[in-house]
Amino acid sequence: MKIGIMQPYFFPYIGYWQLMNVVDKYVIYDDVNYIKGGWINRNRILIGGKAQYIHLLLKGASPNKLINQVGVSNDPIARRKLLSTLKMNYSKAPYWEMVNPVLEKIIRYNADNAAQFLEYQLKEIADYLEIDTEIMVSSDIDKNNGLKGEEKVIEICKILGADTYINAIGGRALYSKDRFHEEGIELRFLQTGDIVYQQYLQEFISDLSIIDVMVFNSKKRVQEMLEEFTLL
C-alpha cells in the first residue's frame with residue numbers, strides 16, 4: 001500500500017499530481033498549520049508572457065491556525081477577476097476551451113474555509129485527469145493529533161496500512177529512512193522529470209501551475225507527464 005500526504009495547494013505544479021497518481025491513497029493534510037508565503041493560496045501562471053502569481057483570497061490567515069481553520073473569501077468580484085485574468089492570458093492556448101469549464105467550476109465554488117475549497121479543487125482536477133487514487137482528508141483520520149512532523153506522518157501511514165510512503169523531493173531533509181524502516185515502512189521521494197512543452201512562441205518557463213500544463217497540452221499528453229518522474 002503506497003501512501004502520499006501533502007498539504008492542499010492552489011492549482012499546484014505537475015509534480016503534485018504525479019505524487020497523487022502514483023500512490024494508492026492520497027491524504028490531503030488539512031490539519032497542520034497554515035504556512036504564510038507558501039503554495040496553499042497562490043501559484044504562478046503566464047501573465048504577459050512572464051511567470052506571475054495568482055491568489056486565492058483568504059480570511060483570517062495565520063500560521064497559528066490549522067489550514068482547515070483559515071477562512072476563504074467567496075467575493076464574486078475577486079473570483080470573476082481571477083477568471084478574467086486566466087481568460088486574458090490563456091484563451092488562445094490550444095486546449096483552453098476544454099479546460100476552461102473545469103476552471104470556472106472550481107473558481108466559482110463557494111466554501112466555508114480554505115481546506116474545503118482546496119479539497120474540491122484537487123478532486124475536480126483529479127477527475128479531469130482521470131486519476132483514480134483514493135483521496136482523503138487528514139482531519140477525518142482518527143489519530144493522535146498531539147504528534148508532530150515525522151511522527152504524525154508515520155502514524156497516518158500505520159493507520160492506513162502503508163508499506164511505502166512517498167513524499168515530494170522537497171521534503172527530503174524532513175524525514176529519516178531509518179525511522180520509517182523501524183516502523184516497517186519504505187520511504188521514497190518523487191523527483192519530477194525535465195518536462196518541457198510549447199507555451200505560445202516564447203521561451204519555456206518551467207514549474208508553473210497545473211493550469212498552464214493543461215491549457216497547452218492534451219489530456220492524453222498530461223497523463224503521460226504524470227509518469228515522467230523518478231522515485232529515489
Are [Y] and [X] linked, directly or through intermediate hydrophobic residues, by side-chain heavy-atom contacts shorter than 4.5 Å (ILVMFWY only)?
X: Tyr13; Y: Phe204; result: yes
X: Met98; Y: Trp96; result: yes
X: Leu66; Y: Val72; result: no
X: Ile211; Y: Leu57; result: no
X: Tyr175; Y: Tyr26; result: yes

Less than 4.5 Å apart, side chain to side chain, heavy atoms only: is that true for [X] and [Y]?
X: Pro12; Y: Leu122; value: yes
X: Ile54; Y: Arg42; value: no
X: Ile185; Y: Thr164; value: no
X: Leu147; Y: Asn144; value: yes
X: Gln116; Y: Asn68; value: no
X: Ser138; Y: Val27; value: yes
X: Asn89; Y: Gln52; value: no
X: Phe180; Y: Glu186; value: no

Where the side chain of [X] meets the backbone of [Y], is there a donor-acceptor pair that is under 3.5 Å apart?
X: Thr85; Y: Lys81; answer: yes
X: Asp30; Y: Ala115; answer: no
X: Glu104; Y: Asn100; answer: no
X: Asn43; Y: Phe11; answer: yes
X: Gln7; Y: Val32; answer: no
X: Ser73; Y: Leu58; answer: no
X: Gln121; Y: Tyr9; answer: yes
X: Arg79; Y: Tyr109; answer: yes
X: Glu119; Y: Val137; answer: no
X: Asp163; Y: Met1; answer: yes

Provide the closest heavy-atom pair for [X] versus [Y] in the form atom of the first, atom of the second, distance.
X: Leu46; Y: Phe216; answer: CD1-CE1, 4.1 Å
X: Arg44; Y: Ala51; answer: NH1-CB, 3.4 Å
X: Val23; Y: Thr133; answer: O-OG1, 3.2 Å
X: Trp17; Y: Ile210; answer: NE1-CB, 3.4 Å

Geometric cation-pi criterion, Lys219 with Tyr128: 6.0 Å, 45°: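 Yes, a cation-pi geometry holds between Lys219 and Tyr128.
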
Is the number of heavy atoms from other residues, nucleotides or ligands within 6.0 Å of [atom1] ([X]) greater than 12?
X: Lys105; atom1: NZ; answer: no
X: Leu174; atom1: CG; answer: yes
X: His181; atom1: NE2; answer: no

Apply side-chain hydrogen bond (donor to acceptor under 3.5 Å, both in side chains) to Glu97 and list each qualifying residue two or more places apart in sequence or on a separate chain.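 In terms of side-chain hydrogen bond (donor to acceptor under 3.5 Å, both in side chains), with neighbours along the sequence ignored, Glu97 is linked to no residue.
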
Anything under 30° is parallel, anything over 60° is perpendicular, the rest tilted; go ahead and classify Tyr53 against Trp39.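 Rings of Tyr53 and Trp39: tilted, as their planes differ by 30° to 60°.
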
Would you call Glu155 and Lys158 a salt bridge, taking side-chain N to carboxylate O under 4.0 Å as the test?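 A salt bridge is absent here (no side-chain N lies under 4.0 Å from a carboxylate O).
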
What is the distance from atom NZ of Lys25 to atom CD1 of Ile141, rounded to the nearest 0.5 Å?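 Here the interatomic distance stands at 8.5 Å.
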
Side chains of residues 190-198: which donor-acceptor partners sit under 3.5 Å, not counting sequence neighbours?
from, atom 1, to, atom 2, distance (Å)
Thr192, OG1, Gln18, OE1, 2.7
Tyr197, OH, Asp212, OD2, 2.5
Gln198, NE2, Tyr200, O, 2.2

Establish, from distance only, whether the side-chain atoms of Asp31 and Tyr29 form a donor-acceptor pair under 3.5 Å.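 The answer is no; no qualifying pair exists.
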
N/O donor-acceptor pairs under 3.5 Å from side chains in residues 223-232, not counting sequence neighbours:
from, atom 1, to, atom 2, distance (Å)
Gln223, NE2, Leu129, O, 3.0
Glu224, OE1, Arg221, NH1, 3.3
Glu224, OE2, Lys220, NZ, 2.8
Glu227, OE2, Asn21, ND2, 3.3
Glu228, OE2, Arg221, NH1, 2.8
Glu228, OE2, Arg221, NH2, 3.1

